[in-house]
*Asks:* 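Structure incoming, see below.
In what follows, every chain begins at residue 1, and chains take the letters A, B, ... in the order their sequences are listed.
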Amino acid sequence: MNERIFQTTHRDAGSKARTGVLSLGHGDVVTPAFMPVGTNGTVKGIYHEKVARMGYNLILGNTFHLYLRPGLEVLSRYSGLHRFSHWNGNILTDSGGFQIFSLPGLRRITQEGAHFQSPIDGSRHFFSPEKVVDIQHVIGSDIAMVLDWCTPPDIEHGEAVKAWKMTYDWAKRSLARRNELGEEFKGCLFGIVQGNFYKDLRKESAQALSEMDFPGLAIGGLSVGEKPEVFKEFLEYTAAQLPDEKPRYVMGIGSPDYLMEAMENGIDLFDCVLATRMARNGTVFTDDGPLVLKRSFNEFDMGPISEGCQCTACRDYSRGYLRHLFKCGEMLGGMLATEHNLAYLHDLVEKARQAIREDRFIEFKAGYLARYMSNKYKSGK
RNA sequence: GGAGAGGUUCCCGAGUGGUCAAAGGGGGCAGACUGUAAAUCUGUUAGCUCAGCUUUCGAAGGUCCGAAUCCUUCUCUCUCCA
């Protein structure tokens, strides 16, 4: 059942970075790979067709959201999310653990699972690890994630122990449920490492999950409000505990600098809402740092966001026009910016893969970040 | 020509003697955003040598300890009637 889904194709000579191929139900994914987030079965502000044409073959959906809307009956009648949403590539679904974590006051976690209230209508629901596997089975996820308990920074050691032990127990139950479904369950199920910001717990969690029958492992509970140095320290530490032969996925990171850190540490997958959310809010990635399109200095700028970028925004429109769209609240602005940010990250990761293949990832990263982090467009303040 | 209403800080618009540099919108400017309760949220928006001081509510005078608020004149706008 647990066939090998990942092959490393090259290892960078100067770091732990690696390239590989992930073979999933809807085609291969070259790694490292960034995964755009499409929580509700749509990557906000862009056609699936464009996402696919850009080169993305693995996007996210969210168990929590899709269970609440449109609900399992609809998804089941459509034979899953691929057909429902007309996406022919791969889909990874997050379990909803992060959403439940994000609903303080609306949730209660017990050994059995998570009780929560819908943020849509206040109705009460319950997710057990088994049920979450079942829902993702209905969705038809190519990669399903176990239900986990994500914790914020600055919690007590004792509480962090409780959370990761719970996540571990839930992981075992998730696997058991997957095994019950047998061949019917077409996707692969990934485990999630927790352990908060305690190295002993990260290590225990990573080792415990590594010994289990998961075809891939994720690092959860990072980028939840901790400082960048802390993120980096725990990313590096935790990644090193994971088995080399399985794909490693860091959940929820998407700024260029975080992606670089992840790739350097041998991470193969990452996803984030940042690119698409920032885009809708008017900020685009450039090699010189993030650019807020609404800012006044763009008014007469007839150049593209990024020279050489192949996206529609850069190909057909100027910074001045994009500024105008955002100032008018025109939805095209958000759509174009979304396309740009996704194209930008795709290009960036492709450049990184190329650097890895040529054993020069460290120089590539240093050169890129020196320019990106100088943040040319940051205001004086 | 007659009757009435009114001119408030970039705009709209509250405010009818001190607690008003003046509510609230809008616009402007800036900041944030990292497994999406987000096409969202936050800050700021007279000037200065920002504690404090100076100028500001159509204009000019006046009353008062004190005026965006009261009085006089002027000016402009709008509505209705001729």
*Asks:* Return the value, rounded to whole Å, for the distance between atom CD1 of A/I253 and atom C1' of B/rC33.
*Replies:*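 Taking atom C1' of B/rC33 as the reference, CD1 of A/I253 is at 16 Å.
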*Asks:* Rounded to whole angstrom, note down the C1' distance from B/rA30 over to B/rC78.
*Replies:*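 To the nearest whole Å, 39 Å.
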*Asks:* According to the Watson-Crick and G-U wobble definitions, with both distances under 3.5 Å, which nucleotide is paired to B/rG35?
*Replies:*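 Partner of B/rG35: none found under 3.5 Å.
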*Asks:* For A/N281, answer base if it contacts any base atom (sugar-phosphate contacts may also be present), sugar-phosphate if it contacts only those atoms, and nothing otherwise; contact means non-hydrogen atoms under 4.0 Å.
*Replies:*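 A/N281: base contact, heavy atoms under 4.0 Å.
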*Asks:* Could you state the CG-C1' distance from A/L342 to B/rU36, rounded to the nearest angstrom?
*Replies:*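 Atom-to-atom, A/L342 to B/rU36, this comes out as 13 Å.
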*Asks:* Output a table of nitrogen or oxygen pairs between the protein and nucleotides 25-29 of chain B separated by less than 3.5 Å.
*Replies:*
from: B/rG28; atom 1: OP1; to: A/K327; atom 2: NZ; distance (Å): 3.1
from: B/rC29; atom 1: OP1; to: A/R323; atom 2: NH1; distance (Å): 3.3
from: B/rC29; atom 1: OP1; to: A/R323; atom 2: NH2; distance (Å): 3.2
from: B/rC29; atom 1: OP1; to: A/K327; atom 2: NZ; distance (Å): 3.4
from: B/rC29; atom 1: OP2; to: A/K327; atom 2: NZ; distance (Å): 2.2

*Asks:* Quick check on the 6.0 Å ring-centre criterion: do A/F231 and A/Y258 meet it?
*Replies:*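 Ring centres of A/Y258 and A/F231 closer than 6.0 Å.
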*Asks:* Going by the rule side-chain contact (heavy atoms from CB on, under 4.5 Å), which residues pair with A/Y237 if we only count those two or more places apart in sequence or in a different chain?
*Replies:*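 Per chain and number, A/Y237 pairs via side-chain contact (heavy atoms from CB on, under 4.5 Å) with A/K199, A/R202, A/K203, A/Q241.
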*Asks:* Classify the nucleic acid contact of A/Q194 as base, sugar-phosphate or nothing, counting any heavy atom under 4.0 Å across all strands shown.
*Replies:*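 Base contact.
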*Asks:* Answer yes if the side chains of A/Q194 and A/T167 hold a donor-acceptor pair under 3.5 Å, and no otherwise.
*Replies:*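 Result is no, nothing qualifies.
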*Asks:* I need the CZ-P distance between A/F98 and B/rU36, as an integer number of Å.
*Replies:*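 Computing the A/F98:CZ to B/rU36:P distance gives 7 Å.
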*Asks:* Taking C-beta and beyond as the side chain, do A/F84 and A/S79 meet within less than 4.5 Å on heavy atoms?
*Replies:*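 No. Closest side-chain heavy atoms not under 4.5 Å.
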*Asks:* Find the distance A/L68:CG to B/rU36:C1' and express it as a whole number of Å.
*Replies:*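 Checked: the CG to C1' distance equals 14 Å.
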*Asks:* Distance between the C1' atoms of B/rC10 and B/rU45, in whole angstroms?
*Replies:*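 So the two C1' atoms sit 9 Å from each other.
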*Asks:* Please report the distance, rounded to the nearest Å, between CG in A/L293 and P in B/rG31.
*Replies:*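 About 13 Å, once rounded to whole Å.
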*Asks:* Under 4.0 Å, heavy atoms only, any strand: does A/G221 hit a base, just the sugar-phosphate, or nothing?
*Replies:*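 Since a base atom lies under 4.0 Å of A/G221, the category is base.
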*Asks:* To the nearest Å, how far apart are A/R280 CZ and B/rC41 C1'?
*Replies:*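 The answer, rounded to whole Å, is 13 Å.
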*Asks:* Quick check: A/Y56 with A/H346 (ring centres under 6.0 Å apart)?
*Replies:*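 When the ring centroids of A/H346 and A/Y56 are compared, they turn out to be within the sub-6.0 Å range.
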*Asks:* How would you label the contact of A/T276 with the nucleic acid (heavy atoms, under 4.0 Å): base, sugar-phosphate, or nothing?
*Replies:*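 Base: the residue A/T276, judged by heavy atoms under 4.0 Å, touches a nucleobase.
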*Asks:* Can you list the steps and then say if A/D142 with A/H82 is a side chain to side chain contact (heavy atoms under 4.5 Å, CB included)?
*Replies:* CA-CA 10 Å; A/D142 296 287; A/H82 291 82; 2.8 Å; yes
*Asks:* Provide the distance between the two P atoms, one in B/rA3 and one in B/rC57, to the nearest whole Å.
*Replies:*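 It works out to 30 Å between them.
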*Asks:* Applying the Watson-Crick and G-U wobble criteria at under 3.5 Å, what pairs with B/rG24? Answer none if nothing qualifies.
*Replies:*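 Paired with B/rC12.
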*Asks:* Do any of residues 58-67 of chain A sit with a heavy atom less than 4.0 Å from RNA chain B, and if so which?
*Replies:*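 Within this stretch, A/L60, A/N62, A/H65 sit under 4.0 Å of the strand.
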*Asks:* Between B/rC71 and B/rU44, how far apart are the two C1' atoms, rounded to whole Å?
*Replies:*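 Going atom to atom, C1' in each nucleotide, I get 40 Å.
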*Asks:* To check you understand the geometry: which heavy-atom pair defines the closest contact between A/G191 and A/L209, and what is its length?
*Replies:*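 The answer is CA-CD2, 4.2 Å.
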*Asks:* Take atom C1' in B/rC33 and the same atom in B/rA38, then report the distance between them in whole Å.
*Replies:*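 The same atom, C1', in both gives a distance of 9 Å.
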*Asks:* Tell me every residue that passes ring pair (Phe, Tyr, Trp, His ring centres under 6.0 Å) with A/H65, counting only those two or more places apart in sequence or in another chain.
*Replies:*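 In terms of ring pair (Phe, Tyr, Trp, His ring centres under 6.0 Å), with neighbours along the sequence ignored, A/H65 is linked to no residue.
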*Asks:* Searching all strands shown, indicate the nucleotide that pairs with B/rU54 (Watson-Crick or G-U wobble; both distances under 3.5 Å).
*Replies:*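 Base partner found: B/rA46.
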*Asks:* With a 4.0 Å limit, can you tell me whether A/Q99 has a side-chain N or O closer than that to the phosphate oxygens OP1/OP2 of B/rG35?
*Replies:*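 Looking at the OP1 and OP2 atoms of B/rG35, neither is under 4.0 Å from any side-chain N or O of A/Q99.
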*Asks:* Counting any heavy atom closer than 4.0 Å, what does A/G254 reach on the DNA or RNA strands: base, sugar-phosphate only, or nothing?
*Replies:*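 Base, at least one base atom sits under 4.0 Å.
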*Asks:* Taking ring pair (Phe, Tyr, Trp, His ring centres under 6.0 Å) as the definition, give me every residue that meets it alongside A/H125, ordered by chain and number, with sequence neighbours left out.
*Replies:*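 Partners of A/H125 under the ring pair (Phe, Tyr, Trp, His ring centres under 6.0 Å) test: A/Y67, A/F116.
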*Asks:* Would you compute the distance between atom OG1 of A/T19 and atom CG of A/D268 and round it to the nearest 0.5 angstrom?
*Replies:*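 So the OG1 of A/T19 and the CG of A/D268 are separated by 9.5 Å.
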*Asks:* Which residues satisfy the side-chain contact (heavy atoms from CB on, under 4.5 Å) test with A/E236, sequence neighbours excluded?
*Replies:*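 Per chain and number, A/E236 pairs via side-chain contact (heavy atoms from CB on, under 4.5 Å) with A/K16, A/N265.
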*Asks:* Both distances below 3.5 Å, Watson-Crick or wobble geometry, any strand: find the nucleotide opposite B/rC65.
*Replies:*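 With both distances under 3.5 Å, B/rC65 matches B/rG18.
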*Asks:* Please verify the inter-ring angle class for A/F64 with A/F127; under 30° counts as parallel, over 60° as perpendicular, anything in between as tilted.
*Replies:*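 Correct class here is perpendicular.
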*Asks:* Distance between the P atoms of B/rA67 and B/rU19, in whole angstroms?
*Replies:*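 These two P atoms come out 11 Å apart once rounded.
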*Asks:* Whole-Å distance between B/rU40 P and A/L274 CG?
*Replies:*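 The answer, rounded to whole Å, is 17 Å.
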*Asks:* Does A/I120 reach a base, just sugar-phosphate, or nothing at all? Heavy atoms under 4.0 Å.
*Replies:*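 Nothing, no heavy atom under 4.0 Å.
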*Asks:* Measuring from the side chain of A/D94 (C-beta onward, heavy atoms only), which nucleotide among B/rG31, B/rA38, B/rG35 has the closest atom?
*Replies:*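 The answer is B/rG35, which lies nearest to the side chain.
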*Asks:* Please state the P separation for the pair B/rU73 and B/rA82 - nearest whole angstrom.
*Replies:*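 It comes out at 29 Å once rounded to the nearest Å.
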*Asks:* Measuring only the P atom in each nucleotide, how far is B/rA68 from B/rC20? A whole number of Å is fine.
*Replies:*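 Rounded to whole Å, the distance is 13 Å.
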*Asks:* Which nucleotide, in any strand shown, forms a Watson-Crick or G-U wobble pair with B/rA3, with both distances under 3.5 Å?
*Replies:*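 Across any shown strand, B/rA3 pairs with B/rU79.
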*Asks:* Specify the separation, in whole Å, of atom CG of A/L103 and atom P of B/rA38.
*Replies:*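 That distance rounds to 10 Å.
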*Asks:* Remember a base hit wins even if backbone is also touched, and classify A/T283 as base, sugar-phosphate or nothing at under 4.0 Å, heavy atoms.
*Replies:*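 The answer is base, as A/T283 lies within the cut-off (heavy atoms under 4.0 Å) of a base atom.
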*Asks:* Using heavy-atom distances to pick each residue's nearest nucleotide on RNA chain B, tell me which of A/G220 and A/R277 is more 5'.
*Replies:*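 Result of the comparison: A/G220.
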*Asks:* On RNA chain B, nearest-nucleotide positions of A/K44 versus A/V292: which is more 5'?
*Replies:*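 Residue closer to the 5' terminus by nearest nucleotide: A/V292.
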